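Note that the structure is predicted; figures quoted are calculated from it, not measured. In the text below, chain A, chain B and the rest are named by the order of the sequence lines, each starting its count at 1. Side chains are part of it too, since the values below use all heavy atoms of this structure and drop only hydrogens, waters and symmetry mates.
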2 protein chains.
Amino acid sequence: MILEKKKAFNSFAAAKGLRSTRQRDIILDIFLSTHQHISVEELYLKVKSSNPGIGQATVYRTLKLFAESGLAREILLHDGQTRYEHVVAGEHHDHLVCTGCNAIIEFEDETIENLQKDIALRHGFFIRSHKLEIYGLCSTCRI
Amino acid sequence: MILEKKKAFNSFAAAKGLRSTRQRDIILDIFLSTHQHISVEELYLKVKSSNPGIGQATVYRTLKLFAESGLAREILLHDGQTRYEHVVAGEHHDHLVCTGCNAIIEFEDETIENLQKDIALRHGFFIRSHKLEIYGLCSTCRI
DNA sequence: TATGCTTTTGAAAATCATTTTCATTTAGTC
DNA sequence: GACTAAATGAAAATGATTTTCAAAAGCATA
C-alpha cells in the first residue's frame, strides 16, 4: 500500500516534470509512516530529527505537492495550523472533533455521501471534494 | 429579528459583565446588516467607512464576542481569512463552495442532520455544532 | 455631578504560520 | 564532465491575527 502510494506520487511528479529528490523521498516516507492529521510543524520536526539538513520551507512545499497529487488533503481546524491527512483512494471519511480533548474520531457514512450528490445535482454543482466536521464532546469528555 | 438579535447580544454581554460601548453597538448594527460570510477585513472596511475612528483590533475582538455569544459562527475556507456567518436559531445550513468563482451556495438538508445525530450517538459523542462544506464547480463555472 | 476603579479602545508592535527570495546545490540531459 | 533549469535551505518578507499599553470611556458610588 505504501509502495503504491509512492509509485502514484512518482507518476504524478513525472507527469508534472518534477525532478526526483532525496528530500521529497524522505518527506514522503515519513508522511506515509504517520497517522492522520499531522500538522506541517509536526511533520517538520519528525523530518528534522532524522534529517537535520532538511528545511522547513521544503516541508511546506512538499506537503502542498502531496495535496496536489491527491495523496494528502489539507484540513483546517480551529487551531491556526494547517494539517494534512492521508487520502485513501475510493474512500472518504469525516470527523468528529472533540472540543474537550482535541481528539479526532473518523467515520464514514455512505448515505451522507449520496445525499450530498443529490444536493449537488439539484444545484447543478460538480463536486470535487467535501468536508464534514462535527464538533462537540467525545464520550470521555462529556461526563 | 434584528432587534431580537441585539437584545440577545445585550443579554449575553450583561451576563458576562461586559460594558456597553458605542463601538460594539456600531459593529453589531453593521454586522447584522451584512449578508453571509463576511471576513473580518471586509467588515472592518465597512465599519471604517462610516466610523473612521474604530480600529481593526476592536473589530477582531468584537467578532470573537459575537461568535462566543452564539450570534455568529467562524468559518474557515481556504483563503487564509476567517469569515463570520450569521447564526439563525434552530436553523442550520451548509455550503457548496465553488472553487471557480468563490461563490457560496447554501443548502439545508434535514436527513443529513439526522444522520449526523445517529453517527454521534453511535460514538457516544455529544454534538455542539457541525460544518459541511462541499467543494467543486457551480453550474456557471463547470461549463 | 464629581470621583474612583475597571474595562475598552486605538495604534503600534508583536506573534505566528506560511510564503517568497535568492544564492547555492543538484538532477537530468547532452 | 559540462550545461541548464529545478530544487533546496536560510533568512527575510508577508499577511492575518493578537497583544501591549497608555489614554479614553463606562459604571458604580459618593
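- The minimum heavy-atom distance between Cys138(B) and Cys98(B), with the atom names listed, is N-SG, 3.3 Å.
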Please set out all donor-acceptor pairs under 3.5 angstrom arising from side-chain atoms of residues 54-62 of chain B, sequence neighbours excluded.
residue, atom, partner, partner atom, Å
Gln56(B), NE2, Glu41(B), OE1, 3.0
Thr62(B), OG1, Thr58(B), O, 2.6

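- With respect to Lys6(A) and Asp25(A), no salt bridge is recorded, no charged nitrogen being found less than 4.0 Å from a carboxylate O.
- Side chain of Arg61(A), nearest nucleotide from dT21(C), dT19(C), dA11(C): dT21(C).
- With hydrophobic clusters built from ILVMFWY side chains whose heavy atoms lie under 4.5 angstrom apart, Ile30(A) shares a cluster with Leu32(A).
- By the ring-ring contact (aromatic ring centres under 6.0 Å, His included) test, Tyr84(B) is found to be paired with no residue, residues two or more places apart in sequence or in another chain being considered.
- Note on Ile134(B) and Val87(A): separate hydrophobic clusters, where clusters join Ile, Leu, Val, Met, Phe, Trp and Tyr whose side-chain heavy atoms are under 4.5 Å apart, directly or indirectly.
- Between Phe107(A) and His123(B), the ring planes lie tilted relative to each other; the angle falls in the 30° to 60° range.
- Annotated stems with DNA chain D as a participant read C:1-30 with D:1-30, given as range with range, by first number; only runs of 3 or more Watson-Crick or G-U pairs under 3.5 Å qualify.
- Applying a 4.0 Å cut-off to non-hydrogen atoms, the residues of residues 47-58 of chain B that approach DNA chain D are Ala57(B), listed by residue number.
- Going from atom CD of Glu74(B) over to atom P of dT18(D) covers 8 Å, rounded to whole Å.
- Near DNA chain D, defined here as any heavy-atom distance below 4.0 Å, the residues from residues 7-23 of chain A are Leu18(A), Arg19(A), Thr21(A), Gln23(A), listed numerically.
- Contacts of residues 75-84 of chain B with DNA chain D (heavy atom under 4.0 Å): Gly80(B), Gln81(B), Thr82(B).
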